[in-house]
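Read the structure below first, then the notes.
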Number of protein chains: 2
Amino acid sequence: MFLGRYAHNLDAKGRLAIPARFREALAEGVVLTRGIDRCLALYPMAAWRPLAEKVAALPLTDADARNFRRLVFAEAADLGLDAQGRILIPPDLRRYAGLEREALIVGVDTSIEIWSPERWQAVADSLDADGAEIAQRLATLI
Amino acid sequence: MFLGRYAHNLDAKGRLAIPARFREALAEGVVLTRGIDRCLALYPMAAWRPLAEKVAALPLTDADARNFRRLVFAEAADLGLDAQGRILIPPDLRRYAGLEREALIVGVDTSIEIWSPERWQAVADSLDADGAEIAQRLATLI
DNA sequence: CCACTTGTCCCCACTTTTCCCCACGGTTAT
DNA sequence: ATAACCGTGGGGAAAAGTGGGGACAAGTGG
């Protein structure tokens, strides 16, 4: 279970240190892919597999489903942690998330999100502004 | 499991280097054939066999099935990797996929697709110009 | 049946990228 | 206060992508 928000820096080679508390759960490999709202989503391999199976099960007869399938797997990268517990973020994904030097690593229970500070701030701002309303709407779901 | 998108070049002889990460799974030979939507599909031999059996089992009484059978097997090529991990793409297939110099090698879970950059771009555009839709639709599957 | 052309495969070489390893400073824990 | 750990940075070795030469085999035509 991943919790908390950590501010780390990408170095000149595009590497990002994963918080030490997360590393044990990621030792068997991770899959990094596009997340919602222009962040990156990092899944432990064990969490990725069932997701991949769902995507692979989509009907091949539908052109839209075929292309979706292609893009899901094509834009995903399976990575390993180096001896210092870092991942190397592919340039494509770095651009997608707008990552420069600073990055926020956010634990979201079963997966991990990686944000540029600016985009995270934008999300946090809207949460501040509409937080009460959102909470009220979601309260009915719990 | 094949993941990620790699940009490699065909050399003057029509050879294409397979990403090193994929090679281990392809060591026992591969089958290269026409893919859907004008790409090429590359299967590890182990994945090809059950696929071939399904196609072979199609009823011979149906004309479409007969033609499909011919297409699948006639255009398929069983290849090996050379000592540098490359495959030699037959001219017919190269023309089918519109491959010139650059090629994209795309991991699609159980198989690998080979695309000309232009056609791949069309696939990417078909979903969403900036790619954010992938993440959204993926999220709905969770 | 032989010579010639064509194509495939093996080998070597170069360049770039990737990965591994070590090292430093700062913080936290003992 | 000391030690251990963590985030950060960078150098260097190893591997990957690329290109081309040349041997061998296959197919073609005489």
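Note that the structure is predicted; figures quoted are calculated from it, not measured. By convention in this document, chain letters (A, B, ...) are assigned in the order of the sequence lines, proteins followed by strands, and residues within each chain are numbered from 1.
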Contact class for [X] vs. all strands (heavy atom < 4.0 Å): base, sugar-phosphate, or nothing?
X	answer
A:R21	nothing
B:A20	sugar-phosphate
B:I18	sugar-phosphate

No-H, no-angle donor-acceptor pair, A:Q84 side chain to C:dC20 base, under 3.5 Å =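 Under the 3.5 Å cut-off, the side chain and the base do not form any donor-acceptor pair.
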ask   = Roughly how far, to the nearest 0.5 Å, is the CG atom of B:L32 from the CG atom of B:D78?
value =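 It is 10.5 Å, given to the nearest 0.5 Å.
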task = With rounding to the nearest 0.5 Å, note down the distance linking CZ in B:R101 to CG in B:N9.
result =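 That separation rounds to 4.5 Å.
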Spacing of [X] atom [atom1] relative to [N] atom [atom2], expressed in whole Å:
X	N	atom1	atom2	value
A:L81	C:dT18	CG	C1'	16 Å
B:L88	D:dA26	CG	P	16 Å
B:D11	C:dT8	CG	C1'	13 Å
B:I87	D:dG17	CD1	C1'	14 Å
B:L79	C:dC10	CG	P	13 Å
A:K13	C:dC20	NZ	P	12 Å
A:D82	D:dA15	CG	P	17 Å
A:N9	C:dG26	CG	C1'	14 Å

task = Verify the contact: side-chain N or O of B:R101 to OP1 or OP2 of D:dG19, cut-off strictly under 4.0 Å; return yes or no.
result =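 For B:R101, the contact criterion (side-chain N or O under 4.0 Å from OP1 or OP2 of D:dG19) is met.
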ask   = Does the side chain of A:I112 reach to within under 4.5 Å of the side chain of A:L26, using non-hydrogen atoms?
value =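 Yes, their side chains come closer than 4.5 Å.
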ask   = Is there side-chain contact between B:F68 and B:D62, with heavy atoms separated by less than 4.5 Å?
value =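 No, every pair of side-chain atoms sits at 4.5 Å or beyond.
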ask   = Is the CD atom of A:E100 crowded by more than 12 outside heavy atoms at less than 6.0 Å?
value =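 Counting neighbours around CD of A:E100, 12 or fewer heavy atoms of other residues, nucleotides or ligands fall under 6.0 Å, so no.
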key: Out of D:dG17, D:dG9, D:dG7, whichever nucleotide has its closest atom nearest the side chain of A:R86   =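 In terms of side-chain proximity for A:R86, the closest of D:dG17, D:dG9, D:dG7 is D:dG9.
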message = Assigning hydrophobic clusters by single linkage (Ile, Leu, Val, Met, Phe, Trp, Tyr; side-chain heavy-atom cutoff under 4.5 Å), is B:I89 placed with B:L81?
response =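 Shared cluster, yes.
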inquiry  = I'd like to know if the side chain of A:Y6 reaches the main chain of A:I18, judged simply by a donor and an acceptor atom lying under 3.5 Å from each other, with no hydrogens or angles considered.
reply    =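 Looks like no, no N/O pair under 3.5 Å.
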key: Axis deviation across the helix from C:dC1-D:dG30 to C:dT30-D:dA1, five-pair ends, to the nearest 10°   =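 Both end axes considered, the difference amounts to 40°.
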Given DNA chain D, 5'-ward residue of the pair A:R15 and A:R23, judged by closest heavy atom =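 Whichever sits nearer the 5' end wins; that is A:R23.
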